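These notes are about the structure you will find just below.
Since the model is a prediction, treat every value here as computed from it, not as a measurement.
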Amino acid sequence: MLSQRGHSREQAEKARRENFPVASRLLPRRHREHLMAVYGFARSVDDVGDDERPDDRLRLLAEFEADLARLYDGQAPRLPAVRALARTVQECSIPAEPFHLLIEANRLDQAVTRYETFDDLLGYCELSANPVGRIVLHVFGEVSGPRLALSDRVCSALQVIEHCQDVGEDYRRGRVYLPQEDLRRAGCPIGHLAAAATSPQLREVVAMQAARAGKLLAEGQMIVVSLSGFARTAVAGYVAGGHATLAALRSAHYDVLGRAVRPRRLRLLRAWARVLMTMRWPDARLQRLPSA
């Protein structure tokens, strides 16, 4: 079992490899620490669901759930990732539900390895991705019905983009997040996901998911307009990470098996600046934000 310090170092290293700035140094220390605590929990739960021995995963996920219950009952948690959440949960008044949904997503991964339609995949994103955005809004004290709806779009987009990048890795873990009906329509046998090179058929399917993710991201990025201060800076960075990664996928011609497709730092910074500069619409537009 990692010590608290060892756990923090490991999660910080993983955060640096994400598509977006998890906890930018542009933010005050208190916000960075809260965001890293949230990230550390989500990453730790995902690691259990992905990397532990298959026979142990459900038991270990149950331990996370029990430890969350201890935290919310005012008892001392036992796991480093849950202990690190204690101050964040208290200071930001974060409800327990989104954390439990992240655990449920990893439980689902142990039972469901295929998704028939894109709508089915979005249903999975409601567990695996959208809760993170809702927690982030709590961290900044910016929770509202319209913002939650927009946050869900952004987070689902980021999750689909990650699935596009990780086609080969996911397949080696026994999972296929690309919708089955799209693979069939493109004439892409499942074996193409195990190949050393990305076939034209597989590129077509990945490009389709990337386009759908881009649409979701465009719909959700209006959330940036509704925010101010450090919340605006942070969320703009997440949106920018999505745009930068989509641009990287396009530049790679959706070759996700022959290379690791990740946005370069300069591309991310340019996208971040662009989001901050362009999302400056008049306040009157906010009256038309979709309701939850």
Side-chain angles (χ1 to χ4, degrees), residues 4-5 7-46 80-95 98-99 102 129-144 146-148 150-159 161-162 217 220-245 262-281 286:
Q4 193 74 41
R5 182 175 297 179
H7 168 79
S8 298
R9 283 199 300 268
E10 181 181 1
Q11 299 310 325
E13 178 57 35
K14 290 179 179 179
R16 283 192 284 272
R17 298 197 294 267
E18 295 290 345
N19 292 328
F20 49 83
V22 172
S24 168
R25 291 192 177 275
L26 295 175
L27 304 176
R29 181 176 178 179
R30 70 181 186 281
H31 287 137
R32 295 200 311 269
E33 290 177 348
H34 289 325
L35 292 171
M36 282 305 301
V38 172
Y39 176 80
F41 175 86
R43 185 74 268 166
S44 296
V45 172
D46 282 351
V82 183
R83 285 201 303 270
L85 275 181
R87 185 167 67 89
T88 296
V89 164
Q90 181 178 20
E91 293 184 5
C92 303
S93 301
I94 305 174
F99 295 112
L102 294 176
N130 299 359
V132 176
R134 291 174 172 238
I135 295 168
V136 167
L137 290 177
H138 277 283
V139 165
F140 288 102
E142 296 286 359
V143 177
S144 72
R147 287 192 185 115
L148 291 173
L150 294 169
S151 172
D152 287 351
R153 288 172 171 82
V154 170
C155 290
S156 289
L158 295 178
Q159 179 77 91
I161 291 167
E162 185 175 334
L217 194 62
Q221 70 182 6
M222 194 184 296
I223 190 174
V224 177
V225 185
S226 77
L227 299 168
S228 61
F230 294 116
R232 187 172 188 272
T233 299
V235 174
Y238 305 149
V239 171
H243 284 301
T245 309
R262 293 288 185 269
R264 294 182 177 178
R265 181 173 176 79
L266 182 57
R267 174 174 271 167
L268 172 58
L269 292 174
R270 285 174 175 169
W272 200 351
R274 191 180 310 116
V275 171
L276 285 170
M277 291 299 294
T278 57
M279 301 302 290
R280 292 176 176 272
W281 295 326
L286 303 186

For Thr233 and Leu276 the tightest heavy-atom approach is CA-CD2, 4.3 Å

For Ser151, all residues meeting side chain to side chain contact (heavy atoms under 4.5 Å, CB included), sequence neighbours excluded
Leu137, Cys155, Ile223

I'd like to check the side chain to side chain contact (heavy atoms under 4.5 Å, CB included) partners of Arg87; sequence neighbours left out, ordered by chain and number.
Glu33, His34, Glu91

Starting from the C-alpha separation in whole Å, work towards a yes-or-no answer on side-chain contact (heavy atoms from CB on, under 4.5 Å) for Arg274 and His243.
CA-CA 10 Å; Arg274 191 180 310 116; His243 284 301; 5.6 Å; no

If you take all heavy atoms of Ala244 and Leu268, which pair is closest and at what distance?
CB-CA, 3.9 Å

CZ (Arg264) and CZ (Arg270) are apart, to the nearest 0.5 Å, by 11.0 Å

Please find the pair of heavy atoms, one from Leu158 and one from Tyr238, that lie closest to each other, and give the distance.
CD2-O, 3.7 Å

Rounded at 0.5 Å granularity, tell me how far CH2 in Trp272 sits from CG in Leu26.
4.5 Å

Quick check: closest heavy atoms across Val275 and Val224, and the distance to 0.1 Å?
CG1-CG2, 4.2 Å

Could you pull out all residues at least two apart from Phe140 that satisfy ring pair (Phe, Tyr, Trp, His ring centres under 6.0 Å)?
His31

Does some side-chain heavy atom of Ile94 sit less than 4.5 Å from a side-chain heavy atom of Arg134?
no

Hey, does Ile135 have a side-chain heavy atom less than 4.5 Å from the side chain of Phe41?
no

Validation row: Ser226, Glu142 side chains within 4.5 angstrom (heavy atoms)
no

For Thr88 against Ala37, the heavy-atom pair lying closest together
OG1-CB, 3.6 Å

In short, Ser156 meets Asn130 closest at the heavy-atom pair OG-OD1, 2.9 Å

